[in-house]
Amino acid sequence: MALARATVGLAVAEGTEAALQSAAVGLLSLAALPRAFRLSSLTLGVVRQNVAFAVGLKGLFLLTTLQGYTRLCTPVLSHSASLVL
């Protein structure tokens, strides 16, 4: 019951098959846990950078479009380009 209500599941390779199937993260040993935390914090940093870049770019083009410096097609193309980046 507790495993089903948890928001994050962690299972070690020696765990039961049900725990390994329902876990969000499966580790071969507990020694890999610090590396998993480090990778998750690095990933979260990259996600935050991407969101800030996308929101900033959209805000910039919103202002320039409302002021008449750019046409509507420019922000649409920049949105597509930011997705590729």
Side-chain angles (χ1 to χ4, degrees):
M1 182 69 166
L3 186 58
R5 295 183 64 182
T7 56
V8 175
L10 176 68
V12 181
E14 292 86 22
T16 64
E17 185 66 28
L20 288 171
Q21 290 295 325
S22 62
V25 177
L27 298 175
L28 295 176
S29 69
L30 289 178
L33 194 58
R35 183 170 186 260
F37 280 120
R38 188 172 60 252
L39 284 175
S40 67
S41 68
L42 289 173
T43 303
L44 184 61
V46 169
V47 168
R48 285 182 176 156
Q49 288 175 1
N50 289 345
V51 168
F53 176 72
V55 169
L57 192 64
K58 287 175 187 9
L60 174 72
F61 279 112
L62 175 67
L63 291 175
T64 57
T65 302
L66 290 176
Q67 293 175 352
Y69 294 121
T70 57
R71 296 184 311 177
L72 187 58
C73 65
T74 308
V76 171
L77 292 174
S78 71
H79 172 73
S80 299
S82 71
L83 289 177
V84 170
L85 287 175

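Panel note: side chain Ser41, backbone Arg38; a donor-acceptor pair is recorded below 3.5 Å.
Rounded to the nearest 0.5 angstrom, Leu44 CG and Gln49 CD are separated by 10.5 Å. Taken from NZ in Lys58 to OG1 in Thr65, the straight-line distance is 12.0 Å, to the nearest 0.5 Å. The structure places CG of Leu57 at 11.5 Å from CG of Leu62, a figure rounded to the nearest 0.5 Å. If you take OG1 on Thr43 and CZ on Arg48, they are separated by 12.0 Å, rounding to the nearest 0.5 Å.
Side chains of Leu39 and Arg35 form a contact here, defined as non-hydrogen atoms less than 4.5 Å apart.
The minimum heavy-atom distance linking Phe61 with Thr74 is given by the pair CE2-CG2, 3.6 Å.
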